[in-house]
Each structure stands twice: as structure tokens, then as C-alpha cells.
Amino acid sequence: MENYEYILETEHVQKSFGELEVLKDISLKVKKGEVICIIGPSGAGKSTFLRSLNQLEKITGGKIFVKGDLFLHRENDKTVEKLDRKKRQELLLEMGMCFQRFNLFPHKTVLENVMLAPVEVKKADKDTIKKEALDLLAKVGLAEKADEYPNRLSGGQQQRVAIARALAMKPEIMLFDEPTSALDPELVGDVLNVMKELAAEGMTMLCVTHEMGFAREVADRVLFMADGIIMEEGTPEEIFEHPKKERTINFLKSVLKQ
Ligand SMILES: Nc1ncnc2c1ncn2[C@@H]1O[C@H](COP(=O)(O)OP(=O)(O)O)[C@@H](O)[C@H]1O
Ligand SMILES: [Mg+2]
């Protein structure tokens with residue numbers, strides 16, 4: 001049994017860039033295995049929120065808990081409390097992230113890209129890491145591309161490599177920031193299928209997405225973010241069939257008629 005109730009929790013998270021308040025007050029509790037889709041207009045702060053969880057942005061206020069530990073507490077842009085460095089590193093490795101742009105190393109093969117982080121960080125023996133990397137490539141449907149270089153792959157294939165690369169660190173939580181929005185439409189399905197499979201296997205996932213069909217089918221909970229807050233949240237049915245807030249209704253109208 002795990003000794004925490006929520007694998008990830010934020011309390012009153014705020015983030016400003018100078019005068020610009022991007023996250024106003026985000027409180028969220030995520031259970032292990034939960035799949036949360038975050039939707040909302042451009043500029044809502046969705047990317048900033050994911051980046052804040054992963055410490056790519058430093059929050060200006062609020063608390064972040066990971067697996068029950070108070071990871072970081074900041075107020076007025078000052079750190080009140082944080083975990084020690086070693087524990088922080090350990091918990092950060094529990095969060096894998098996959099971005100819109102995949103940023104694979106062009107001079108390394110697909111297999112090398114997937115093996116890179118585990119070799120550097122995990123210090124496990126190379127044969128084990130290689131076997132695991134090949135298994136992951138098989139899982140994302142790219143076993144035969146192991147020795148290929150990224151620029152010889154389609155965008156959808158590169159994104160699946162990026163997912164395999166994140167999974168190679170065996171994260172307990174995956175953060176996806178619009179992983180399909182830079183892809184040609186015909187390549188989106190394969191990436192979403194990999195994500196669906198991960199969800200079915202019980203991965204805890206936070207996915208910022210424009211794919212309403214995916215959110216409807218896979219999410220346990222959908223968050224509608226706008227203006228730096230979670231304006232509305234609920235089950236896919238609640239959000240897509242019976243949205244309550246005018247803002248949500250208008251957003252859904254605008255994206256669903258495209
Ligand atoms: N590094 C940054 N410096 C200044 N402003 C930023 C930075 N990153 C994001 N922003 C601003 O924060 C707001 C929210 O951005 P973002 O989190 O990317 O929204 P979303 O992902 O919902 O489209 C935008 O107004 C954006 O311009
Ligand atoms: Mg974004």
C-alpha cells in the first residue's frame with residue numbers, strides 16, 4: 001500500500017511572469033491511476049501549469065505535493081519550504097513529460113534517444129536498459145525503427161519515440177502537453193492510441209489536449225481552464241454533455257464546430 005492519498009496535489013498554486021498573473025489559484029488533487037484531460041483556450045495557463053508541476057517553471061505561490069510529500073511551498077515568490085535535493089530529484093523522475101515538440105537528439109538513433117536518460121541517471125547495466133528500450137519501442141509500435149535517425153521518421157513516429165523516451169525512466173505520472181497538435185491529422189491517431197493504452201494500463205496522466213474525442217473517451221475527469229483558474233471540472237459527460245458555465249459552453253461550441 002502507498003502511504004499517500006493523492007499522487008499529486010496542488011494547493012492555491014500561483015504563477016506570475018512579472019506583472020502578468022498566469023496561474024491565479026490552482027488547487028488539484030490527483031489520485032494514482034487517474035487520467036485528467038485539461039482543455040481550454042490558448043493563453044489559459046495550461047502549459048504553465050504542467051511546466052510548474054515539473055519544475056520547469058518556478059511557482060510564485062502555493063504548494064505542490066508529490067506522493068504525499070510537500071515538494072515545494074512558495075509565497076510571494078519566495079520559498080517557504082522544499083524537500084531536500086536528493087528527494088526532490090527522486091520525485092521529479094517520477095514525472096515524465098511529453099511536449100508538443102518532441103526535441104529528439106538528431107545525431108542519435110531512436111534507440112539511443114530512448115536509452116540516454118536511463119543510462120545517465122539510473123546507472124543500471126546497459127544490456128538491461130537496451131532491452132527495456134527495445135520493449136518500449138515495440139510498445140509504441142516502432143520496434144523496426146530502433147536504428148533509424150529521428151529525421152527519417154514522421155512527426156507521429158517521432159512523438160511516439162518521445163513517449164517511449166519518457167517512459168524509459170519509469171515515471172509514475174505522465175504529463176502530456178498537446179502531444180498531437182503539431183502533427184498532420186492522419187498521424188494523430190497512432191499517438192492517441194499509445195496514450196490510450198497507457199491510460200488502460202493504469203498510468204496516472206495529465207493531458208493538455210485539443211482532442212475532445214480522446215478526452216471524452218479516456219479521461220476520468222476533464223478540467224476546463226481559462227484565465228489562470230480551473231473554471232469548471234467534471235466527468236467527460238458532465239463537461240461535454242452538460243457544461244454549466246457560459247465560458248465552457250462557448251469554448252466547446254468553438255472547438256467542436258471545427
Ligand atoms: N516564460 C514566459 N514569460 C512570460 N510570459 C509567459 C511565459 N510563458 C507563458 N507566458 C504567458 O502566460 C500565458 C499563459 O501561457 P500558457 O501557459 O502557454 O497558456 P496555454 O498553454 O493555456 O496556451 C500567456 O499569456 C503567455 O504569453
Ligand atoms: Mg500551451
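Start at 1 and go down the list; that is how both ligands and their atoms are numbered.
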Would you kindly say whether Thr248 and Glu232 are connected by a side-chain donor-acceptor distance under 3.5 Å?
-> yes
Ring center gap for Phe65 and Tyr6 short of 6.0 angstrom = no
Going from CD1 on Ile39 to CD on Glu178, what distance comes out if it is rounded to the nearest 0.5 angstrom?
-> 12.0 Å
Under 4.0 Å between a Lys/Arg side-chain N and an Asp/Glu carboxylate O for Lys67 and Glu172?
-> yes
For the salt bridge (Lys or Arg N to Asp or Glu O under 4.0 Å) test, which of Glu241, Glu237, Glu211 pairs with Arg216?
-> Glu241
Sort out the contact shell of ligand 1: every protein residue with a heavy-atom distance below 4.0 Å, listed by chain and number.
-> Phe17, Leu20, Val22, Pro41, Ser42, Gly43, Ala44, Gly45, Lys46, Ser47, Thr48
Does any non-hydrogen side-chain atom of Glu197 lie less than 4.5 Å from one of Lys139?
-> yes
Please find out if the Mg ion (ligand 2) and some N, O or S atom of Ser47 are separated by less than 2.8 Å.
-> yes
